[in-house]
Amino acid sequence: MNGSVGVNVSAATFATSQVLVLVVLSPLLIGLMRTVRARLEGRVGGGVLQPWRDLRKLLLKEPLQAQGRSWWAMAGPVLLVSSSLALCALTPLLGTVTFPSLPDDLFVVVSILLLGSVALALVGLDAGTAFGGMGSSRHMMISALVEPTVLLSVYALSIPVGSSVLSRIVEARLDDPASVLSPVSLLALLALTIAVVAETGRLPVDNPATHLELTMVHEAMVLESSGRDLAWLEVGSWLRLGVLLGLVSTLLVPWGVATDLTAAGMLVAVLALVAKLAVAATALATVEVALAKVRLFRVPELMAGSFVLAFLAVTASYLVVQG
Amino acid sequence: MSETTYTQLLQLSAGLLLLCAVLIVWRRSLGAHIRLLAVQGWALAGLVAVLGLHEHSAELLWVSVLVATLKGVVLPAVLARATASDRTRAREETPLINTTAALLAVSFLTMLAYLVSRPVLALGSTAAVAAVPVGMAMALFGFLVLSTRRHAVSQLIGFLLLDNGIATVAFLTAGGVPLVVELGVSLDVLLVVLILRVLTSRIRTEYGDADLDDMTELRD
Amino acid sequence: MTPVELALDTQLVLVLAGVVAAIAAPPRLRSLLAGVLSALLGLAGVLTGAWALAGRHGVVELPTALSLGPVTLDPTPLGGFFMVVAGAVGAVAAVFAIGYASGPAASRTSWVALAVFLGAMQLVPAAGDLVSFLLMWELMALASTVLVLTEHAGRAEVRTAALWYAAMTHLSFVLVLLGFTVLAHAGGGIDWASMSRVDPTSRTAAVAFLLLVAGFATKAGVVPVHVWLPRAHPAAPSHVSAVMSAAMVKMGVYGVLLVSIRLMPGGPAWWGAVVVGLGAVSAVYGILQASVASDLKRLLGYSTTENIGLIFLALGTALILRAHQVSAAGDAALLACLLLVASHAAFKATLFLGAGSVLHATGERDLDRMGGLVSRLPVTATAFGIGALGAAALPVTAGFVAEWTLLQAVIHGGRPHDRMVAVTMPIAVSVVALTAGLALVTFVKAYGIAFLARARSDGAAQAHEASPSMRAAMLIAACVVLILGLVPGALAQAAARAVGLPAGSAVTQVGFTHLGARLEPLAVLVLVGVMVTAVALIAKAAARKVPRREVELAWGGGGVRASARMQYTATSYAEPLTRVFDDALRPERDVVVTHAGESRYLVERVQFHQHVVDLVEDRMYRPMLTLVERLGVAGRRLQNGSIHRYLAYSFFALVVVLVVVAL
Amino acid sequence: MAIPVTVRRYAGVVAAAAILCAGVALDVVVRQSGPVTALGGQLRADALSAFMLTVVGAVGLTATWSGLRVRPNPAPTNAYAVLVVLFLGAMSLGVLADNLGVLWVAVEATTIATAFLVGHHGTRRALEAAWKYVVLGSVGVAIAFLGIVLLYAATRSAGSPTLSWATLDATHPALDPSLVRLAAALTILGFATKAGLAPMHSWLPDAHSQAPAPVSGLMSGVLLSVAFYAILRVQAVAAPVIGTGLMRGMLATAGLLSLAVATLLLIAQRDLKRLLAYSSVEHMGVLALAAAIGGPLAISAALLHVLGHGLAKSSAFVASGWILETEGTTRIEDLRLLLRRRPGVAVPFLVGVTALLGLPPFSLFFSEVAIVVAGVQRGMGWVMAATVLLVLGAFAALARRVAVIAFGSSADEPEQMSDSAPDWSTPGPRFPLGVALGTTAVAGFVAGPFAAVLTDAARVLGGAG
């Protein structure tokens with residue numbers, strides 16, 4: 001009984017600290033990526049703290065709502081940000097201790113992610129304008145095509161471990177570092193990365209900095225939101241990016257993640273996470289500079305490619321297990 | 001009556017029956033058909049009489065009289081009246097298959113008749129049994145006439161030929177069927193012919209002549 | 001008399017009472033009386049099923065005139081599970097119908113047919129032998145055909161739908177009849193006990209299995225024999241669609257389970273592969289068609305095909321895994337199959353009833369003409385929303401639990417002893433994943449276009465909320481979706497008992513101790529709830545400082561006053577998907593451009609028309625029907641009216657017989 | 001010779017009712033004390049005869065009673081009244097005769113009695129139908145007579161000339177198998193003509209479509225079944241001598257061929273009454289298959305099928321007569337949206353067709369299922385597979401054509417027709433149709449004495465297994 005209380009306490013600690021760390025870090029991450037990009041393009045940029053400043057401004061502004069919009073305009077953003085927060089709490093970015101009654105099952109993680117996507121898509125639809133619907137439609141199409149890749153790469157990662165619980169997978173990787181570099185793992189992670197890029201609306205799938213409505217995906221959905229509604233939508237998306245980047249980098253470089261609750265371990269874990277995220281964000285931003293947004297109807301090709309990678313990973317995992 | 005005479009008479013009437021049947025297939029004139037049918041009726045009556053004499057059966061002799069009246073007199077008369085009012089088409093002009101083909105079919109059907117009569121022939125080697133294939137062949141010829149002649153009366157003739165064939169088989173194999181059945185059968189045949197006769201004249205009023213080719217309104 | 005027997009007798013009496021009430025009651029009371037009786041009938045079915053699940057026995061026999069033996073009703077735990085599902089759906093639909101039925105749907109015929117339909121349907125799983133099964137099966141088919149025909153006087157497409165339905169359902173009957181007959185022959189008796197003596201590895205068993213699976217698949221609406229389904233569902237009144245989709249097609253699933261789990265357990269692995277194949281094709285094809293459909297009930301119909309596909313997939317996986325002795329994962333897959341059955345029943349009933357309520361309120365089935373209903377039909381919107389969540393398999397609904405179980409089963413099936421496992425498992429996961437993704441789009445579209453934004457037609461603008469019985473029915477169904485999603489343990493236990501698995505789940509969770517996987521949806525709800533509360537508190541605090549302000553105009557990309565016609569419609573929403581899956585869907589597009597005057601560049605008007613046909617129907621059935629029709633016309637020549645030809649037929653027959661006898 | 005109007009009107013009904021009463025009484029008597037004979041052994045009622053007599057009476061009552069035309073329609077003509085009674089009498093004689101020869105005479109007598117009934121309307125089409133009916137029917141039955149003659153010859157050469165099946169069954173004379181083969185084949189072929197089995201069915205659609213509706217109902221409902229009864233009798237007589245192989249082959253072939261022909265011609269059928277006629281061909285095909293299967297289950301199912309088909313088909317034909325009377329045509333293309341416009345005639349028609357489609361609760365469902373079960377049990381799996389597929393085809397085709405009549409086609413604009421109120425009136429009494437269809441619906445669920453009668457009747461043919 002004591003043990004289970006202890007587990008619950010340490011799980012709660014990890015979850016809370018993950019939420020706090022990511023809430024603080026995610027806007028900074030966006031700021032970092034924008035800055036890196038600006039520097040590479042020869043601009044000065046708004047600085048790493050600019051997203052935080054934007055957020056403060058939005059939260060203090062008066063939200064405007066057009067006639068005929070439903071309560072969803074208000075509820076959707078809240079749901080999006082909540083789902084992102086739940087993701088932060090669930091994903092083992094700092095420690096692999098989880099609540100016994102709430103394992104960080106990958107399918108649960110993915111479903112909460114999708115819950116956020118749906119919330120966002122409905123906000124776009126509720127706008128009752130051409131652009132809102134357009135963004136929503138494109139967003140959902142991409143989500144639909146991403147999901148096979150996500151689930152299949154998750155599947156590939158779970159087969160060697162025999163579990164779909166993320167913390168088990170991370171622990172297994174910590175125990176057996178060689179498995180990180182196995183072909184199964186690399187293929188699956190590559191596929192997962194593409195999926196993450198698509199799901200979070202980065203180049204080449206969507207241009208987060210676009211001002212041309214016809215090419216928008218994410219931006220088109222939030223066109224009609226303002227004030228704190230917009231703030232929630234932005235924070236929600238940033239958090240998703242943070243969590244997913246963190247997840248991919250943790251899976252790729254599992255070291256630093258604590259397996260039990262100690263102050264030192266926690267400190268190391270936080271620092272490692274910051275470092276991993278910074279590297280990942282910088283890398284992503286650097287790659288993005290070199291990329292142009294592809295046509296919307298070329299996106300399926302990209303998704304098909306990632307799907308094939310994931311499928312190869314699964315097949316490979318069977319071969320490995322069999323051999 | 002000696003056995004030889006019996007056999008000869010039997011064979012004579014059987015031969016006459018078959019000859020008439022072949023001639024019916026051959027000829028095209030309705031008048032000739034009716035006359036041949038009458039002859040056949042008498043031949044059949046003769047056959048029955050011969051059988052009756054041979055078996056000393058009074059019943060068969062009475063039946064022979066019945067057959068002679070019905071098939072030799074009444075039915076041909078009914079048919080003759082049916083054609084009498086139709087001088088314009090007293091011939092079967094274009095049967096569905098030409099005479100040569102019909103005669104070839106006749107030879108094939110005769111072979112078939114002998115083939116299928118094998119079980120009957122196995123019953124015994126009497127003269128009566130040996131003539132059974134003739135009856136079978138007549139029945140098959142009747143069917144042939146029915147399905148290849150266009151004139152309504154021709155179909156009647158075919159039907160009667162078929163019936164004669166069956167009667168022949170009946171008398172040759174079993175000396176007929178029980179009398180009650182025999183009477184019923186005769187009555188039935190008579191009634192059928194009368195009905196067809198009535199229908200023929202109605203057809204003639206409705207269609208102008210008795211060509212069955214016009215009667216294809218009921219189709220899918 | 002055991003409780004089960006009493007409950008079975010009660011059902012028979014209630015069917016008769018429902019029929020009598022429908023015929024004899026005055027028109028004003030008819031719907032109320034017959035509806036209440038039908039709902040009681042459903043409840044009696046639930047009760048019987050529950051008792052049977054609990055292991056109680058009882059046999060009720062009805063006499064027949066032939067020496068085939070009496071009609072035997074003898075529910076088993078497996079049948080009990082399906083009786084509960086069918087009874088519950090029937091009861092909810094009957095309650096809904098009290099308020100919903102009007103015009104032809106409230107006629108004597110319709111209520112009689114509904115009572116018979118519900119009764120026969122929930123007695124199909126109770127049948128104890130071939131004759132009683134087929135009797136109930138055909139009664140169910142006949143009554144449902146009558147119900148599909150309800151609106152024949154008002155809509156021309158109803159006739160075609162009913163005809164397709166009648167023909168396909170009879171095909172199903174014929175195949176099932178043949179299959180069971182073969183089994184009965186091999187087993188030496190027409191009751192299940194005799195049939196279960198057949199060796200599942202024999203050739204006879206294989207023939208029977210194929211026949212039966214084909215027959216049951218037809219009833220279940222599996223591709224490529226699904227063609228009746230997307231037609232019949234929009235044609236039938238909504239409460240009937242709900243029953244057909246949520247419960248009736250499950251009888252096909254019951255049939256396959258009956259054959260592969262109860263009568264012939266331990267069949268070869270290829271049986272599973274056949275079922276997986278059917279399921280995979282149906283799931284993907286169904287959801288693709290659903291994602292581009294704009295008729296709400298057609299969309300829901302295709303979604304049924306998808307879900308049945310998933311159910312088949314789960315069942316097939318279970319069969320394969322069991323055949324390869326991966327029994328833990330196999331059991332999980334079997335459990336997933338039953339969970340999918342129950343969850344689909346719950347959310348599809350909710351969705352069809354919701355669609356009925358929308359139809360009732362707006363007179364529209366076309367999504368392109370709906371919009372903004374969330375404020376006008378709050379109850380319907382809530383219920384439909386919960387149903388849609390379930391259909392999209394998102395937490396915390398029954399659909400999520402079921403799909404999670406299926407994925408766990410597949411993941412833990414990953415200890416391949418055989419190439420078949422190594423091939424089918426990844427395919428199964430891919431199919432589930434693609435299906436889940438497309439289901440998400442489909443139901444975001446359905447909910448978002450219908451209920452959010454602004455009204456796209458006058459009907460939608462003047463919608464009004466439904467009557468109390470309809471609201472109650474929808475809410476009950478929606479609650480079931482949530483309850484099954486939140487505390488799935490009880491359901492999982494029942495399902496485990498139905499297929500004879502050791503019950504290992506606690507009441508609030510689904511879990512497999514031997515697989516090291518567990519799911520406690522309540523905890524997920526708490527987690528998300530905590531986050532929502534936190535954010536909502538912050539938002540509330542902010543709102544006190546800076547309140548929300550309503551403006552007249554949407555920004556709309558900086559445009560002028562945006563008309564409701566400028567909104568995205570269901571068709572435009574699905575347009576990207578239609579393009580992506582162009583090869584699989586082959587939509588017919590028609591663009592008419594009217595130019596203004598002489599200029600090629602000035603366009604006066606553009607008309608765009610797009611129609612997605614059912615490719616299977618178009619490519620497989622149309623040519624077949626054309627051929628048959630030609631054959632029928634050519635066949636008329638057989639009877640060309642010539643008496644000579646007819647005599648020649650007889651003559652020919654005579655000669656043939658003579659030759660045969662002579663030889 | 002003028003028969004009083006009342007007598008003319010009700011003669012058929014009274015005769016049919018009498019036959020029904022006699023049939024039921026015989027059922028009871030035979031069940032208690034075994035077969036009954038009369039007229040010096042020429043007539044003999046065993047369980048099978050009694051059952052068939054009951055069917056003749058029941059179907060006859062349905063057809064004649066519901067075929068009564070309400071006043072002020074003129075009463076039927078003298079000839080019509082006399083011929084209907086004769087027709088019923090001939091069929092009763094047929095099922096009661098203990099003698100193949102008398103049975104043959106009775107069957108031929110039905111041809112004679114119905115010839116003018118078929119031609120009753122006096123139109124060119126009616127005339128054509130009557131001609132075809134008489135010629136094809138008589139020729140077919142003549143073949144049967146040839147077979148009977150040969151059978152008689154066989155018994156004669158075995159030393160006991162007889163055509164009585166009671167005698168044959170009791171004495172089992174040592175008949176010559178090869179002769180009996182020929183005899184049985186010819187007899188079955190001949191009676192198959194009257195039973196409407198393909199390829200000798202050609203008279204059937206023409207005669208059924210032209211005869212007055214009650215007569216069509218009688219012909220389709222019982223005349224075919226009486227001929228089928230003759231086939232069963234011949235089969236029972238011949239089977240102990242030659243085994244079942246040949247007859248099973250013939251009957252199965254004829255059955256499948258009938259199903260195929262019926263399905264083919266149902267697909268694009270243009271006439272309502274011909275539609276029902278081909279449905280009869282289909283059902284006779286099913287019966288032929290049941291006879292081919294043999295055995296207690298198949299035969300009792302076949303007898304139940306005879307009853308169900310008789311009642312349902314005569315009801316459907318009477319209803320089609322009402323349709324002809326109210327709509328003035330039986331062309332399917334001209335009969336649209338009938339359920340909307342004239343539910344009074346459309347509902348009984350639809351219920352009848354539903355029964356004919358073999359759907360429960362109607363007894364045809366049970367009999368068809370039992371026949372298939374019996375067929376597979378007897379190792380005729382492939383034949384049964386072909387059977388059910390053809391039945392499926394016939395089902396779809398029939399349902400499709402009937403749907404056009406009842407609901408119109410997709411080309412119809414339903415709104416066009418909706419201005420007039422639905423017409424619930426019928427040109428004849430509804431009650432007998434209700435009773436007939438109700439009987440069909442419950443017959444499958446009645447055990448007790450009824451099931452025992454079926455079993456006994458099937459046992460009479462026990463040797464045919």
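In what follows, chains are A, B, ... by sequence order, proteins preceding strands, each numbered from 1.
Here the side chain of Ser110(C) pairs a donor or acceptor atom with the backbone of Pro104(C) at under 3.5 angstrom. With hydrogens and angles disregarded, a donor-acceptor distance shorter than 3.5 Å links the side chain of Thr218(C) to the backbone of Ala214(C). In this structure a side-chain-to-backbone donor-acceptor pair under 3.5 Å is missing from Lys219(C) to Met248(C).
Proximity to chain D is limited to the side chain of Leu149(C), based on heavy atoms less than 4.5 angstrom apart. For Tyr133(D), no part lies under 4.5 angstrom from a heavy atom of chain C. Within the 4.5 angstrom heavy-atom criterion, only side-chain atoms of Leu163(C), from C-beta onward, approach chain D. Of the atoms belonging to Ile190(C), it is side-chain heavy atoms, and not backbone ones, that fall under 4.5 Å from chain D. Proximity to chain C is limited to the backbone of Val446(D), based on heavy atoms less than 4.5 angstrom apart. Looking at Leu189(D), only its side chain comes within 4.5 Å of chain C, counting heavy atoms on both sides. Residue contact with chain D, scored on non-hydrogen atoms closer than 4.5 Å, involves the side chain of Leu142(C) exclusively. Contact of Phe366(D) with chain C is made through backbone and side chain together, with heavy-atom distances under 4.5 Å. Heavy atoms closer than 4.5 Å to chain C are found in both the backbone and the side chain of Leu297(D). For a residue to count as touching a neighbouring chain, one of its non-hydrogen atoms must lie under 4.5 Å from one of that chain's; by this rule Phe173(C) touches chain D with the side chain only. Heavy-atom distances place the side chain of Thr354(D), and not its backbone, under 4.5 Å from chain C. Interface remark: Pro205(D) contributes side-chain atoms only to the contact with chain C (heavy atom separation under 4.5 Å). Residue contact with chain C, scored on non-hydrogen atoms closer than 4.5 Å, involves the backbone and the side chain of Ser300(D) alike. Phe445(D) touches chain C through backbone and side chain together, each having a heavy atom under 4.5 Å away. Using a 4.5 Å cut-off between heavy atoms, Ala443(D) contacts chain C through its backbone alone, with no side-chain atom that close. For Val660(C), the parts lying near chain D are the backbone and the side chain together; criterion is any non-hydrogen pair under 4.5 Å. If you measure heavy-atom distances from Leu647(C) to chain D, the contacts under 4.5 Å come from both the backbone and the side chain. With a threshold of 4.5 angstrom between heavy atoms, Ile143(D) approaches chain C through side-chain atoms but not through N, CA, C or O. Using a 4.5 Å cut-off between heavy atoms, Leu134(C) touches chain D through backbone and side chain atoms alike.
For the side-chain contact (heavy atoms from CB on, under 4.5 Å) with Arg630(C), the qualifying choice from Thr626(C), Val628(C), Val633(C) is Thr626(C), the only one to do so. Under the side-chain contact (heavy atoms from CB on, under 4.5 Å) test applied with Leu266(D), the options Leu398(D), Val261(D), Val281(D) reduce to a single match, Leu398(D).
Between Leu337(D) atom CG and Ile405(D) atom CD1 the span is 11.5 Å, to the nearest 0.5 Å. In this structure, Glu157(C) CD and Glu151(C) CD are separated by 9.0 Å, a value rounded to the nearest 0.5 Å. Here Leu73(C) contributes atom CG and Glu61(C) contributes atom CD; the two are 9.0 Å apart, rounded to the nearest 0.5 Å. Atom CG of Leu275(D) and atom CZ of Arg270(D) lie 12.5 Å apart (nearest 0.5 Å).
Counting heavy-atom pairs closer than 4.5 Å to chain D, the top residue among Val158(C), Leu638(C), Leu171(C) is Leu171(C). The choice from Thr253(D), Leu357(D), Leu392(D), Leu186(D) that makes the most heavy-atom pairs within less than 4.5 Å of chain C is Leu392(D). Counting heavy-atom pairs under 4.5 Å between each of Leu454(D), Val372(D), Val391(D) and chain C puts Val372(D) at the top. Considering only heavy-atom pairs separated by less than 4.5 Å from chain D, the leading option among His185(C), His170(C), Glu138(C) is His170(C). Note on Ala385(D), Pro296(D), Ala396(D): by heavy-atom pairs under 4.5 Å with chain C, the leading option is Ala385(D). Of the listed residues Val453(D), Val376(D), Leu389(D), the one with more heavy-atom pairs under 4.5 angstrom with chain C than any other is Val376(D).
Using the six-membered ring where Trp is involved, Phe133(C) and Trp192(C) have ring planes that are perpendicular, over 60° apart on the 30 and 60° scheme.
Arg124(D) and Glu128(D) are not joined by a salt bridge, as no carboxylate oxygen comes within less than 4.0 angstrom of a charged side-chain nitrogen.
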